[in-house]
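Quick note: numbers below take in every heavy atom, side chains included, and nothing from hydrogens, waters or symmetry partners. Below, read A as the first sequence line, B as the second, and so on, with proteins coming before strands; counting in each chain starts at 1.
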Number of protein chains: 2
Amino acid sequence: MSDPGLRERKKARTRADLQRHALRLFREHGYAETTVDEIAAAADVSRSTFFRYFPTKEDVVLFDDVDPLMAEAFAELPPDTPLLHAMRTGVTTAFRRLPPEKRELEEIRMALVRSAPELQAAARERSGITVTAIADRIADAYGRPRDDLDVLVFAGVVAGARLTAQTLADRTGESYIDALDRVMSRLEDGIPLDGLTLGSHATRLADGLVEQAAGSDGTADTTRPEQHRM
Amino acid sequence: MSDPGLRERKKARTRADLQRHALRLFREHGYAETTVDEIAAAADVSRSTFFRYFPTKEDVVLFDDVDPLMAEAFAELPPDTPLLHAMRTGVTTAFRRLPPEKRELEEIRMALVRSAPELQAAARERSGITVTAIADRIADAYGRPRDDLDVLVFAGVVAGARLTAQTLADRTGESYIDALDRVMSRLEDGIPLDGLTLGSHATRLADGLVEQAAGSDGTADTTRPEQHRM
DNA sequence: GTATTTTCTGGTACTCAGTTCCAGTTTAGT
DNA sequence: ACTAAACTGGAACTGAGTACCAGAAAATAC
């Protein structure tokens with residue numbers, strides 16, 4: 001590893017160039033409105049080369065240097081740390097340990113992900129925010145079966161918390177880590193709104209639910225134009 | 001409205017035909033392996049017509065009739081129903097009220113969604129399982145701000161529960177509703193694994209978390225030898 | 001320093017999802 | 001029976017992603 005070599009250096013530079021130009025173009029014109037051709041042209045390489053470095057267009061946005069740090073942060077926690085608390089601090093301290101410029105890049109990246117719904121899903125998948133992934137880790141570590149109800153439900157809560165953090169960050173403008181911190185610490189006190197009852201709100205809640213599905217019968221309006229908002 | 005009319009009947013039939021053939025082909029050959037052309041051909045209509053009925057290929061899977069019933073079920077719940085319990089019974093009774101053949105179709109549909117990861121994300125988006133959607137409904141109904149922390153966290157828990165139910169249904173083979181029922185009722189007792197601490201499992205947990213970044217995808221074999229590395 | 005092998009690049013040509021537009025047909029309204 | 005509205009099929013397009021190959025550029029061998 002002492003000798004990077006010319007070839008390796010060129011590759012790293014090409015990759016960085018592609019990423020840089022891609023993120024710039026995405027921010028200027030939007031994710032969907034930017035074509036791979038444009039990115040390749042901006043980085044002065046061919047289309048083929050783009051796909052050689054990033055298997056899909058999504059991948060340019062979805063690189064992630066946080067995970068290795070997360071593992072590290074985890075291993076350092078004291079053994080008597082409650083699991084939910086560990087899930088919180090593991091992620092947040094990993095983030096906070098990123099070098100400042102990478103952390104900033106990370107925030108930009110996440111803002112971009114939030115702006116394009118087609119990216120959100122892919123982002124979750126690639127960064128192990130799935131219930132499956134979380135549950136399996138816990139189950140394996142604690143020697144429980146992989147379909148253990150408690151483990152799965154717990155994993156669902158954690159996954160839900162991360163989704164919530166994304167929404168919260170989006171709406172308040174605060175950083176993702178801060179949002180996640182707030183959400184998780186709120187959860188450590190139990191599920192909120194637990195005492196609340198339906199009261200007279202059932203109808204209004206129900207109304208909100210219907211407008212989801214405009215066309216169930218054949219009476220549906222032909223096509224629905226409002227599909228992708230970007 | 002008692003007179004559907006010839007045109008409407010034809011449309012309903014075409015739509016049903018398309019969906020029926022699509023689901024069949026997807027089950028026989030897989031979602032990704034089935035092209036829109038094949039579906040259209042099977043239903044004996046043109047490609048254009050397919051897209052006129054279903055704006056995207058995903059939509060043919062993601063078209064369901066349960067939501068209207070959900071609203072109905074909600075409105076019937078007694079006012080003193082705790083919110084979390086309401087979120088459970090609203091969904092489950094709606095499902096159980098579906099006519100048997102539609103319910104079966106629904107289960108097939110959901111199994112299919114679970115089998116294709118690219119569908120899972122879209123499914124959440126379109127069926128209002130997003131944190132955003134749930135939170136907004138609750139916030140609006142109760143007159144709280146849309147960025148209320150408690151509301152968002154609660155919505156995250158519900159969203160997580162639905163994700164969990166999908167995983168659980170997939171692993172145990174039970175129906176989605178039954179899984180959701182179990183998950184939600186478990187949550188009504190509070191967050192599970194709350195007492196658990198990290199103990200000596202931190203390292204193993206951490207290890208599990210990293211390998212997420214590397215691989216573990218179902219898709220075939222594109223070039224991804226060294227992606228998150230440089 | 002030249003030759004050989006390995007790796008990277010650009011280009012062409014494909015498939016499939018999704019859009020747009022138009023011409024021709026079918027249904028509805030009167 | 002005739003006209004207006006809605007539906008269909010087809011052609012032509014864009015953009016993402018894949019497969020393949022010829023040639024350039026490094027890395028290594030001699």
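Per the geometry, CZ belonging to A:Arg9 stands 14 Å off C1' belonging to D:dA25, to the nearest Å. Taking atom CD of residue A:Glu33 and atom P of nucleotide C:dT19, one finds them 14 Å apart after rounding to whole Å. Summarising the geometry, the separation between CD on A:Glu38 and C1' on D:dA16 is reported as 13 Å, rounded to the nearest angstrom. Regarding B:Glu8, its CD atom lies at a distance of 18 Å from the P atom of C:dT26, rounded to whole Å. Here the P atom of nucleotide C:dC16 and the OH atom of B:Tyr31 are 14 Å apart, to the nearest Å. Distance CZ (A:Phe50) to C1' (C:dG11): 18 Å, rounded to an integer number of Å. Atom CZ of B:Arg52 and atom C1' of C:dA17 are 16 Å apart (whole Å). Atom CG of A:Asp59 is separated from atom P of D:dA16 by 14 Å (rounded to the nearest Å).
Between B:Arg103 and B:Glu106, no side-chain nitrogen of the basic residue sits less than 4.0 Å from a carboxylate oxygen of the acidic one, so the salt-bridge criterion is not met.
Looking at the side chain of B:Val45, the nearest of the listed nucleotides C:dG10, C:dA17, D:dG9 is D:dG9. Side chain of B:Phe51, nearest nucleotide from C:dG18, D:dT8, D:dG17: C:dG18. Listed candidates were C:dT9, D:dC7, D:dA26. Nearest to the side chain of B:Lys11 is D:dC7. Of the candidate nucleotides C:dG10, C:dA17, D:dC7, C:dA17 has the atom lying nearest to any side-chain atom of B:Thr35. Comparing D:dT8, C:dG10, C:dA28 by their nearest atom to the side chain of B:Arg7 picks out C:dA28.
Between A:Thr49 and the phosphate of C:dG10, there is a side-chain N or O to OP1/OP2 separation shorter than 4.0 Å. Considering only side-chain N and O atoms, A:Lys57 lies nowhere under 4.0 angstrom from the phosphate OP1 or OP2 of D:dG17. Taking only side-chain nitrogens and oxygens, A:Tyr53 comes nearer than 4.0 Å to OP1 or OP2 of C:dT9.
Nearer the 5' end of DNA chain C, as judged by each residue's closest nucleotide, is the contact made by A:Thr14, out of A:Thr14 and B:Ala32. When each of B:Lys10 and B:Asp37 is assigned the nucleotide of DNA chain C bearing its nearest heavy atom, the one mapping closer to the 5' terminus is B:Asp37.
Scanning atom types as modelled, one donor and one acceptor separated by under 3.5 angstrom connect the side chain of A:Ser48 and the base of C:dG11. At a cut-off of 3.5 angstrom, the base of D:dG15 holds no donor-acceptor pair with the side chain of A:Arg47.
With A:Arg97 contributing its side chain and A:Leu69 its backbone, the two residues share no donor-acceptor pair below 3.5 Å.
Pairing each heavy atom of B:Pro117 with each of B:Ser115, the nearest pair is CD-O, 3.5 Å.
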Let's go through B:Val157 and A:Leu187 carefully: what are the C-alpha distance in whole Å and the side-chain angles of both, what is the deciding distance for side-chain contact (heavy atoms from CB on, under 4.5 Å) to 0.1 Å, and is it a yes or a no? CA-CA 9 Å; B:Val157 171; A:Leu187 273 173; 3.9 Å; yes
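By the 6.0 Å and 45° rule, B:Arg109 does not stack over the aromatic ring of B:Phe26.
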